[in-house]
Amino acid sequence: MTHPFIEARDLLQRLREDYTAARREFRWPQLTNFNWALDFFDVQARSNSSLALWIVEEDGSTHRFSFAQMSERSDRVANFLRQAGVRRGDRVLVMLPNQPAIWDVMLASIKLGAVIVPSTTQLTVDDLRDRIERGAIRHAVVVSSEAHKFSDLAPSLTRICAGDAQPGWLRLEDAQSASPRFVADGPTRAGDPLLLYFTSGTTARPKLVLHTHQSYPVGHLSTMYWIGLKAGDVHWNISSPGWAKHAWSCFFAPWNAGATVFVGNFARFNARRVLQTICDCGVTSLCAPPTVWRMLIQEDLASYKVPLRELVAAGEPLNPEVIEQVRRAWGITIRDGFGQTETSAVVGNSPGQTVKPGSMGRPLPGFDVQLLGPDGSPAQEGEVALTLDPRPAGLMLGYEGDEAKTQDVTRAGRYRTGDVASMDADGTITYVGRADDVFKSSDYRISPFELESVLIEHPAVAEAAVVPSPDSIRLSFPKAFVALRSGFAPDRELAHSILQFARGRLAAFQRIRALEFYDLPKTISGKIRRVELRRLEAERPRGAAQSRRPNEYWLEDFEA
């Protein structure tokens with residue numbers, strides 16, 4: 001008898017280009033016990049010589065492992081971790097780069113029933129202390145180069161390093177001499193905790209997002225569907241470990257489909273090398289954040305004969321101009337999608353569907369999406385919310401340690417994302433902005449994303465962030481912080497050019513009245529910290545010309 005998870009997967013793959021039928025026929029599998037690594041991955045991996053993981057290093061060397069090899073490697077690591085004291089339910093902080101070890105440890109931890117706490121290598125000692133304390137961490141698996149950060153942290157912590165030996169640390173490399181046959185200590189319940197994410201904290205102290213053996217492994221069937229993955233694909237998701245997007249499509253989504261996880265493991269991003277690697281290695285599917293797409297389009301894309309079939313973007317909305325430049329060069333449309341650390345992919349432009357410029361698509365199979373107005377009633381523009389009856393599999397268990405916050409975002413039978421969007425008559429959803437980013441100017445509602453999308457169409461602009469600047473008459477007006485492309489220098493003439501460019505493409509009430517060339521502040525996950533820019537503007541004296549900062553220009557300078 002076919003496992004319900006595989007039945008659900010096969011249905012979505014069969015209907016990968018028939019959105020209407022997929023929405024109508026798909027149901028989340030109802031599971032009591034489920035361990036994705038044991039009940040699905042290992043079953044898929046038996047005698048399976050297909051390529052599961054392919055890593056190309058900076059020096060051109062490669063790591064290539066089949067599904068069968070990954071199954072055995074992770075069995076060895078699971079036995080090693082068990083011998084080191086890792087037990088079902090224990091919290092394991094994993095701070096590893098894109099090396100085979102991170103896939104070994106994640107599979108092994110799932111098999112053990114341990115709770116994985118993904119962590120970027122960019123974390124500071126204070127960040128780690130917070131995670132260890134609030135996350136109740138008992139074990140840490142860390143790349144050797146970062147081991148020094150743990151010197152003064154939690155003496156009782158089990159320390160395991162990958163790479164060069166460190167005094168007082170176990171070596172992960174010794175795991176490959178452990179037994180190649182792992183036997184679980186009992187069944188894993190689908191609702192047991194699996195992943196604990198610390199959100200990137202763009203506006204506040206990171207929240208603890210708790211996922212289960214169902215919400216991410218099963219939930220990412222929707223992500224697989226959105227990307228359009230199938231067996232035999234070579235899928236490259238340009239993402240750093242430690243963030244939810246890495247689990248989205250460097251782990252669950254491609255392996256749900258039986259596709260190859262591909263990684264170009266380069267120390268610094270180089271657009272030309274990325275493009276050449278795609279061609280040389282036969283990458284068929286590419287997922288990248290908007291920042292990467294904006295760097296790629298600065299190259300002569302048409303000169304690269306890419307084997308790509310699927311292009312997707314996630315993390316932040318992708319501006320229409322970027323999508324159009326890629327389409328002109330390759331004849332392929334980048335398909336935007338929407339989800340959060342708290343969810344799998346919720347909304348997306350799925351394969352075979354017409355993409356409306358600027359839209360992030362329609363609700364994916366398994367999700368009932370509504371837009372809610374300020375009073376909580378359905379609206380054409382409002383907060384994106386998920387209906388909880390029935391509860392979608394791809395939704396977190398809740399915010400650990402903050403029951404009040406969990407109840408607040410799931411009140412009245414809906415999960416509220418905190419993101420604002422508009423919906424067309426056919427159900428197509430267009431992103432407006434975070435609820436706390438949208439602001440008013442002269443009683444008009446301003447969506448920063450709409451203005452930023454216009455700004456980056458200017459040939460000099462690489463990235464932009466629009467925030468309200470206090471004004472005694474208008475309450476506030478839109479101000480743009482701009483990062484320039486290479487080859488451009490900030491000066492008065494360029495500021496005038498950008499302001500005039502935007503003025504010709506925006507309504508009068510959206511007019512950008514100030515511009516500042518600025519090194520945009522970002523979270524360690526790469527998202528622009530608009531909250532920091534809003535604070536910078538809010539703290540300056542209202543309308544004070546003497547408060548001008550270097551590289552700041554106002555529209556009135558040129559109108560005069």
Side-chain angles (χ1 to χ4, degrees), residues 200 202 238-240 245 266-275 286-304 311 313-330 334 336 357-358 431 433 437 447-467 478-506 512 514-534 536-537 549-553:
S200 56
T202 58
I238 300 179
S239 177
S240 299
K245 192 60 179 63
F266 310 137
R268 290 182 178 276
F269 181 84
N270 182 297
R272 293 180 184 177
R273 180 156 191 186
V274 166
L275 292 165
L286 179 65
C287 178
T291 298
V292 167
W293 285 113
R294 288 193 284 266
M295 288 189 278
L296 290 176
I297 63 171
Q298 295 183 48
E299 302 300 325
D300 179 14
L301 296 184
S303 66
Y304 293 88
L311 302 178
E316 289 185 293
L318 190 62
N319 308 88
E321 173 63 17
V322 178
I323 297 173
E324 178 57 23
Q325 287 195 42
V326 173
R327 189 198 61 77
R328 287 199 302 265
W330 291 342
I334 303 173
D336 214 342
Y431 187 81
D437 283 339
S447 163
F449 176 66
E450 291 180 7
L451 278 61
E452 292 159 6
S453 294
V454 168
L455 286 166
I456 71 160
E457 292 182 27
H458 189 283
V461 177
E463 292 184 296
V466 172
V467 300
K479 175 179 174 178
F481 288 87
V482 169
L484 296 175
R485 293 187 179 190
S486 60
F488 292 90
D491 59 26
R492 177 184 173 87
E493 184 178 353
L494 182 56
H496 188 203
S497 170
I498 295 170
L499 287 170
Q500 286 297 102
F501 178 89
R503 182 172 185 166
R505 290 161 175 79
L506 294 169
I512 297 168
L515 179 149
E516 184 170 348
F517 298 111
Y518 204 78
D519 185 12
L520 299 177
K522 295 184 178 182
T523 68
I524 52 178
S525 63
K527 293 183 179 180
I528 297 171
R529 282 183 53 83
R530 289 175 183 78
V531 64
E532 189 172 316
L533 299 174
R534 288 200 306 271
L536 190 67
E537 285 303 295
R549 289 186 291 268
N551 292 322
E552 181 179 10
Y553 302 90

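Heavy-atom basis, side chains included; hydrogens, waters and symmetry copies ignored.
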Roughly how far, to the nearest 0.5 Å, is [atom2] of [Y] from [atom1] of [X]?
X      : Y      : atom1 : atom2 : result
Arg530 : Leu536 : CZ    : CG    : 15.0 Å
Arg505 : Arg503 : CZ    : CZ    : 13.5 Å
Glu493 : Tyr553 : CD    : OH    : 10.5 Å
Leu275 : Asn270 : CG    : CG    : 9.0 Å
Ile456 : Leu318 : CD1   : CG    : 7.0 Å
Arg294 : Glu321 : CZ    : CD    : 12.0 Å

Using side-chain hydrogen bond (donor to acceptor under 3.5 Å, both in side chains) as the criterion, list what pairs up with [X], not counting sequence neighbours.
X      : value
Gln500 : none
Arg327 : Glu324
Ser240 : none

Residue pair [X] / [Y]: nearest heavy atoms and the distance that separates them:
X      : Y      : answer
Pro459 : Phe488 : O-CE1, 3.6 Å
Ala313 : Asp336 : O-OD1, 3.1 Å
Ser486 : Gln298 : OG-OE1, 4.1 Å
Val454 : Phe501 : O-CE2, 3.3 Å
Glu516 : Pro550 : OE2-O, 4.1 Å
Val461 : Arg485 : O-NE, 3.5 Å

Derivation of the side chain to side chain contact (heavy atoms under 4.5 Å, CB included) call for Leu533 and Leu520: CA-CA 8 Å; Leu533 299 174; Leu520 299 177; 4.3 Å; yes

Tell me whether Asp300 at atom CG has more than 12 heavy atoms from other residues, nucleotides or ligands lying less than 6.0 Å away.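 More than 12 heavy atoms, drawn from other residues, nucleotides or ligands, come within 6.0 Å of this atom.
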
Of all residues at least two apart in sequence or in a different chain, which pass the salt bridge (Lys or Arg N to Asp or Glu O under 4.0 Å) check with Arg268?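 Partners of Arg268 under the salt bridge (Lys or Arg N to Asp or Glu O under 4.0 Å) test: none.
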
Which residues pass the salt bridge (Lys or Arg N to Asp or Glu O under 4.0 Å) test with Arg273, sequence neighbours left out?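 Listed in chain order: Glu58.
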
Do the non-hydrogen side-chain atoms of Leu455 and Ile512 ever get within less than 4.5 Å of each other?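 Side-chain contact under 4.5 Å: yes.
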
Can you name the residues that form a ring pair (Phe, Tyr, Trp, His ring centres under 6.0 Å) with Tyr304, not counting sequence neighbours?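 Scan of Tyr304 (ring pair (Phe, Tyr, Trp, His ring centres under 6.0 Å), adjacent residues dropped) gives none.
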
Would a distance-only check, ignoring hydrogens and angles, find a side-chain to backbone donor-acceptor pair under 3.5 Å from Glu452 to Val466?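 Yes, the answer is positive, given that a donor and an acceptor are paired below the 3.5 Å cut-off.
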
Under 3.5 Å donor-acceptor, Asn551 side chain and Phe517 backbone: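 Answer holds: no.
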
List the steps, then state whether side chain to side chain contact (heavy atoms under 4.5 Å, CB included) holds for Leu296 with Val322. CA-CA 9 Å; Leu296 290 176; Val322 178; over 6 Å; no

Between Leu484 and Leu494, is the side chain to side chain contact (heavy atoms under 4.5 Å, CB included) condition met? List the steps. CA-CA 10 Å; Leu484 296 175; Leu494 182 56; 3.7 Å; yes

